[in-house]
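Take a look at the structure below.
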Amino acid sequence: MLGVGCAGRCGGKEASGAGPLSREEARAIPGVVVFLSERAGQKDVWTVSPDGTETQVTRGPEDDYPGPVSPDGKSLLVVAVREERGLSFQQLRVQPLAGGDALPLHAPRARSRNASWAPDGSWLVAESDAQGFSDVVRLEPKPGVAEVRLTQVPQGCFEPAVSPDGREVAYVCSREGDPEVYVAKADGSEERRITTFHREDRSPQWSPDGRWLLFVSDREDRERLFLVRPDGSDLRAVSAQAFAGDEREGTFSPDGQRLAYVSRAPDGRSRIWSVPVEGGAPAALTDGAHRDDMPAWSPDGKYLAFVSERAGNVDLYLMRADGSGQTRLTTAEAPDWLPRWVARR
Amino acid sequence: MHVFRKTLAATAAALALTACGPQPQPEAPAQETPAPESPTPAENPSGSADDAAREVADVARRTPYELDALFAQAAKEFDVPVSLLKAYSYAQTRWEHIQGAEEFEGRPAAFGLLALRGEQVTEGAALAGVSVDAVRGDPLANLRAGAALLSKYAAESSLDRADLGAWAPVVARLSDVTDPGAQAQFIHGEVYRVLREGAGAFTPDGKVAVSLEGAEVEAQFALPRVSAMAAGPDYAASIWRPSPNYNARPSGTAVSLIVIHTCEGAYSGCWGWLTNSAAGVSAHYVVNESGSEISQLVRESGRAWHVGASYDCGLNGSTQCGLQGVSVNHFSVGIEHAGYASQASFPAGQIDASAKLSCDITKTHTAVTRDSYHIVAHGRLQPASRTDPGPNWPWSSYISKIKSFCGTPTTAIVVDSHQANNDASKAQVEMAGSWAQGTSAGYYGSGYYYASTEAVSAPFTFKFYLPSAGSKTISAWWVAGTNRSAAAPFIVNHAGGSTTVKVDQQVNGGRWNTLGTFSFDAGWNTVQLSRWATEGFVVMADAIKVE
């Protein structure tokens, strides 16, 4: 049985709550949304407040992708990307959100991405090819500090995530011939293996209380989100018996009680769901008639920003955490996507 | 012509299957290929009615509208043969109203059913009296713009409009293919081939989207040069069409990535463009729409000029290269695929052909691990991507097809205790009596099953399918613990009878432990874990490996 939050129809007139969010309600949301917009031709980072006020943060000429927001909410990690003569260059930069110049963390190279901040903001981890195909490295958000290699696996390690207490890092390595999830201490020592299966286990992330790891696996010959304890025990599928299409983009609510995620149908339509982390039936937050994806929880956990193509363009939308009050937030003709919240202080 | 009718009938049958879910194979194909007695141990585990139905549904998604009337309207208005308009559209887009992207610098993106590009869009819009946006976004406007252009070119060359074969040079002019060899292939092998053979497409609801009856016709156009086609130097199942657009890889660098691209256009135009020195771009391989032909353009040992995350240490005085002067940057082999990133699905034949090619590349370049971190889309080189690989490139099945094509008779079969993790065509589990699920750390897959020891059989059965008889080594995985049986009885049922192997599950957990090597018959075989052991403990059924 599926718990359907809005009986198969969400948004618009038939949303379970009252129609679009009122301006007053939107204004009271304690955060702004950082996102990627292609409206200037290249990809840039912009912000939009829940009442629709937009500000451009980066201005080309490269493509700038918004990475994670620093724990103090004052800056954003940006991945600047350009392609030149068949070569690909990436560079991590710390971009102050109040404006000002971005601080590049290294020279441009072919792989520098998937960064994750330590909880005190004094260091971060990312994928790097400075010394190998793809290593997990530790960087500091200061000029001139050499990066430290946490993994040395010829087949590569990927997608690191720092634990909420800053003591451990979860990541993926392909050393067994297929990607598996590992956890090591923050200095790379005492690595332990979390998953063991001959298909792909990818994209680990920590629950806010550090008691769970969420990851994606195709072990059932379909993409599913799984939860597992950081000691490797208690593995289970997030959607249990309620699989509704390839699962992706799982994200924990700030209080760690719920997970929002996306299921994708073979025809490309996708739907956003919410499920209790401790188990239970997933509730559909969008109606599945369009492509709705990339859910991002507001800092107070009461709202989700997401991306939808329901009106033709790729734009940002807002909704309450139960799927009601679906409201278009950006209207540019060019795609707006990859939302991330910054708490308003 | 009968081909189209046959296609129609087969597609209608498959659509019926899509509507009803998995069903037994229809009778007709069974006459040609008698059903095997036991499940086919397919090298490529697909081919069930379910897969066939899915494939038909995939194809139908590309043509969600009934388009015959639109083709007829545009053709009539501009006095262009409707079959020619349909054949051109089929060759370019498989009748999908595409929204292209610029894949190669200098070659504008293609739009709509006719894949009109650049100035064609502007000129066609003016001739048809519609806006540029309409030509890009509206199927009828796109057809009218293309028909208007064809009509104009026809008037300029004062051809006999009733002579279908005479339109060939006009068709070549509408395409942006300029290389003479590629042009000849596009005209004879793509546009006029479908005119001769006919084709059809359905909407997802099973209505006819486009129908094109085949007819005898010969293009009045230079034939492709009939020199013997040489095979590609690195892939025998390819045609060698060398491109000048490459240079040497720095010495000591290993290929560690395969990068998947879409041509944003049809096959001939794609390799034609990439072998033109003026284009300044290339890829190692191009796979055609159906998977029936692959061109190799650059040796795998060379660096093709496709965006491939490769990084040239010489570019910036080596200052940006790895520390300690080690060149560690990753280099890639690039595969272009005829078609568009935006298309609703990719043909199964193209995916298969590409997966075989990728398998071959990974055999030569062993640093390319067969996973989605090493076989990536152009877009996956970037931190996040919405549009590229093409959201509809079937990643998971592509990688598993590569692994499957690279499999050998000695490839291990793992039978996991969680049936959802097994390929049911070769691995299954059954349990008798009550077995409980457990998830203490150290298991294989998603957990294990356990049961108390007692004097009952009620075993946990691991089943595996062997396409031929042979000697196999069996290993078992368990999670160790003090309450486990020190003599857990695995019963191996082999060609010579049954052998019980007792293992101590209090130790050696979280790894493969060999039970022995046995001869097995072809077909389904079993290894069972019995509960019949000293009471007061549990036995653990987690996974077995057959190799």
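Reminder, nothing fancy here: chain letters follow the sequence lines and each chain counts from 1.
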**Asked** Which value, rounded to the nearest 0.5 Å, describes the distance between A:Glu220 atom CD and B:Asn422 atom CG?
**Response** 10.5 Å

**Asked** Taking A:Arg219 for the side chain and B:Gly445 for the main chain, is one N or O donor matched with an acceptor at less than 3.5 Å?
**Response** yes

**Fill in**
Honestly, the part of A:Glu200 sitting under 4.5 Å from a heavy atom of chain B is side chain

**Prompt:** Hey, is the main chain of A:Gly232 close enough, under 3.5 Å, to the side chain of B:Tyr443 for a donor-acceptor pair?
**Reply:** yes

**Item:** Value rounded to 0.5 Å, distance of OG in A:Ser134 from NE2 in B:His374
**Value:** 8.0 Å

**Asked** Closest approach of A:His198 and B:Lys403, non-hydrogen atoms and distance?
**Response** O-NZ, 3.4 Å

**Prompt:** Under the side chain to side chain contact (heavy atoms under 4.5 Å, CB included) criterion, do B:Trp395 and A:Asp218 qualify, and how do the steps go?
**Reply:** CA-CA 11 Å; B:Trp395 275 109; A:Asp218 69 346; over 6 Å; no

**Prompt:** Do the side chain of A:Glu223 and the main chain of B:Ser396 share a donor and acceptor less than 3.5 angstrom apart?
**Reply:** no

**Message:** Tell me if a side-chain donor or acceptor on A:Arg202 pairs with a main-chain N or O of B:Ser372 at a distance below 3.5 Å.
**Reply:** no

**Side chain, backbone, both or neither of A:Thr195 within contact of chain B (heavy atoms, under 4.5 Å)** = neither

**Request:** Could you tell me whether the side chain of B:Tyr373 reaches within less than 4.5 Å of the side chain of A:Pro179, counting heavy atoms only?
**Result:** yes

**Prompt:** Is the closest side-chain donor-acceptor distance between B:Thr439 and A:Arg236 under 3.5 Å?
**Reply:** no

